[in-house]
Each structure stands twice: as C-alpha cells, then as structure tokens.
Amino acid sequence: GEFNWQVDIDSNWNSATEVIYNRNHPRWHDESHVEFLHNSFKPSAVPFSQQAYGRENHLVVTGWESLSVLSAEDGGTLAMFGLPCQPIQPPLVVDYSSDGWNDIIITCAQRYIGYSMNRQSGLWHSTSIGIFAGVLVVVVLVYTKQRQHSSVWPKPAVA
C-alpha cells in the first residue's frame with residue numbers, strides 16, 4: 001500500500017466516546033442513555049459520486065455532531081454541516097431532488113435530515129472580488145492624484 005492523505009475534520013466521535021468510556025461523566029447516571037450511545041453510534045465514511053451514476057471520488061463522513069464531505073483523491077474538505085441530532089446509521093446517498101446530483105440523507109433516532117448537494121461555479125465569486133479590487137485601486141489612485149494636485153496650487157489669501 002501507499003499513504004495517500006490524512007485529514008483532521010470536525011466529524012468525529014470524541015463526545016460520544018467521552019460519555020461512553022468516562023464513568024465520571026454526568027450522563028452516566030442514565031444507564032439507558034449510555035447503552036443507547038454504545039449500541040447506536042458508529043463512525044462512518046461512505047464513498048459517493050457527486051453526480052448520479054458518476055465515479056465515486058468523494059466521501060461523506062458522519063460524526064457525533066457534524067457531517068463532512070471530502071475529496072477521496074486528496075482529502076480536501078468540500079463541505080461541512082452541523083447536525084442537530086446524532087446519526088444512528090450510515091448516511092444514505094441518493095438523488096432525491098432529481099437534479100442529477102446526489103444528495104445525502106441522515107437518519108437520527110427521531111428524524112431524517114436531507115442535504116441537497118448543488119454544484120456551483122466559483123466564477124461569480126472570483127469576478128466580484130476582481131471588480132471590487134479594481135474599483136478600490138481606481139478610488140485610491142484618484143484620491144492620491146487629487147491630494148497631489150491640491151498641494152501644488154497655492155492657497156488663496158484670506159482678506
């Protein structure tokens with residue numbers, strides 16, 4: 001084998017393991033809660049394709065309180081979402097919006113959460129930053145030119 005990448009993300013199970021394995025934790029007084037945690041939550045990383053029927057070159061990783069979408073090629077974080085509840089099974093990846101892009105369904109004990117994946121171009125963002133930077137440069141140049149021009153002319157005498 002060959003080492004490809006490693007990434008630290010917020011989608012982890014530290015909170016769950018703290019409750020399960022630390023008997024001094026305040027939640028240990030509720031034995032049913034600890035048993036539920038121990039039996040229900042399992043870390044999961046599911047490969048998926050952004051496009052329906054595409055190449056599985058992404059991972060959706062669920063943790064105790066968050067979900068992360070990673071590139072399977074380089075480990076880059078593509079998206080992160082906070083979860084309002086803890087998942088009780090691996091995420092389901094399916095195109096439920098029928099837009100050609102896979103979506104993610106998270107199953108919690110009392111609800112289902114759907115995340116719709118949309119692909120957006122960075123062109124608008126890059127263009128708007130470029131325009132803003134250009135306008136800023138023009139404003140600074142005009143301001144500097146006016147300051148130089150006003151200091152060259154003698155001030156009128158006060159009568």
Side-chain angles (χ1 to χ4, degrees), residues 1-28 30-141:
E2 177 180 322
F3 183 80
N4 291 315
W5 52 266
Q6 177 179 338
V7 64
D8 290 327
I9 54 175
D10 288 339
S11 298
N12 59 53
W13 293 83
N14 294 341
S15 300
T17 55
E18 180 181 325
V19 172
I20 293 170
Y21 296 111
N22 182 1
R23 294 198 180 266
N24 295 326
H25 194 277
R27 287 196 159 168
W28 256 99
D30 184 2
E31 189 67 35
S32 64
H33 179 74
V34 174
E35 186 175 332
F36 176 73
L37 292 177
H38 189 69
N39 293 330
S40 296
F41 302 118
K42 308 289 187 265
S44 64
V46 176
F48 79 101
S49 166
Q50 265 190 317
Q51 284 188 302
Y53 310 109
R55 195 173 120 226
E56 291 183 335
N57 56 353
H58 295 83
L59 294 171
V60 58
V61 180
T62 54
W64 178 256
E65 297 171 332
S66 63
L67 171 141
S68 299
V69 178
L70 306 175
S71 167
E73 295 170 355
D74 62 5
T77 303
L78 303 175
M80 291 180 69
F81 306 101
L83 296 174
C85 57
Q86 288 75 36
I88 59 173
Q89 67 183 32
L92 177 64
V93 178
V94 63
D95 181 17
Y96 66 77
S97 60
S98 299
D99 61 356
W101 299 96
N102 278 325
D103 307 306
I104 300 168
I105 299 173
I106 303 296
T107 304
C108 295
Q110 298 177 349
R111 68 181 79 158
Y112 295 94
I113 303 166
Y115 290 100
S116 179
M117 301 293 286
N118 298 320
R119 184 175 181 151
Q120 297 179 351
S121 170
L123 180 63
W124 174 248
H125 181 63
S126 300
T127 303
S128 61
I129 288 176
I131 290 172
F132 176 74
V135 168
L136 185 62
V137 167
V138 169
V139 167
V140 168
L141 289 174

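Because the structure is a prediction, the values reported are computed rather than measured.
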Partner set under salt bridge (charged side-chain N to carboxylate O under 4.0 Å, His left out) for Arg55, not counting sequence neighbours:
Glu73
Among Asn102, Leu70, Val93, whose side-chain contact (heavy atoms from CB on, under 4.5 Å) with Val60 holds?
Val93
Assess the residue pair Ile104 and Val69 against the criterion (side chain to side chain contact (heavy atoms under 4.5 Å, CB included)); give the C-alpha distance rounded to whole Å, side-chain angles, the decisive distance to 0.1 Å, and a yes or no.
CA-CA 10 Å; Ile104 300 168; Val69 178; 4.0 Å; yes
Pairs satisfying side chain to side chain donor-acceptor pair (under 3.5 Å), at least one member in residues 131-141, at least two apart
none
Any side-chain heavy atom of Pro90 sitting closer than 4.5 Å to one from Thr62?
no
Partners meeting side-chain contact (heavy atoms from CB on, under 4.5 Å) with Val138 (sequence neighbours left out):
Val142
By side-chain hydrogen bond (donor to acceptor under 3.5 Å, both in side chains), which residues pair with Thr107, not counting sequence neighbours?
Gln89
For residues Pro47 and Ala45, report the shortest heavy-atom separation together with the two atoms involved.
CD-O, 3.9 Å
Where at least one partner belongs to residues 78-95, residue pairs that pass salt bridge (Lys or Arg N to Asp or Glu O under 4.0 Å), sequence neighbours excluded:
none
If a pair satisfies salt bridge (Lys or Arg N to Asp or Glu O under 4.0 Å) and one of its residues is in residues 126-138, list it, with sequence neighbours excluded.
none
List the residues meeting side-chain hydrogen bond (donor to acceptor under 3.5 Å, both in side chains) with Asp74, not counting sequence neighbours, and say none if there are none.
Ser71
Report the distance from atom CD1 of Ile106 to atom CG of Leu83, rounding to the nearest 0.5 Å.
6.0 Å
Please indicate whether Asp8 has more than 12 foreign heavy atoms, meaning atoms of other residues, nucleotides or ligands, lying under 6.0 Å from its CG.
no
With sequence neighbours left out, which residue pairs that include part of residues 76-87 fulfil the salt bridge (Lys or Arg N to Asp or Glu O under 4.0 Å) condition?
none
State the NE2-CZ distance between His58 and Phe48, to the nearest 0.5 angstrom.
6.0 Å
What pairs with Ser66 under side-chain hydrogen bond (donor to acceptor under 3.5 Å, both in side chains), at least two apart in sequence or on another chain?
Ser11
Test side-chain hydrogen bond (donor to acceptor under 3.5 Å, both in side chains) applied to Asp103 - qualifying residues, sequence neighbours left out:
Ser97, Ser116
Shortest non-hydrogen separation from Trp64 to Pro87 and the atoms involved
O-CD, 4.2 Å
Does Ile131 have any side-chain contact (heavy atoms from CB on, under 4.5 Å) partners at least two apart in sequence or in another chain, and if so, which?
Thr127, Val135
Could you name each residue pair satisfying disulfide bond (SG atoms under 2.5 Å apart) that touches residues 53-91, not counting sequence neighbours?
Cys85-Cys108
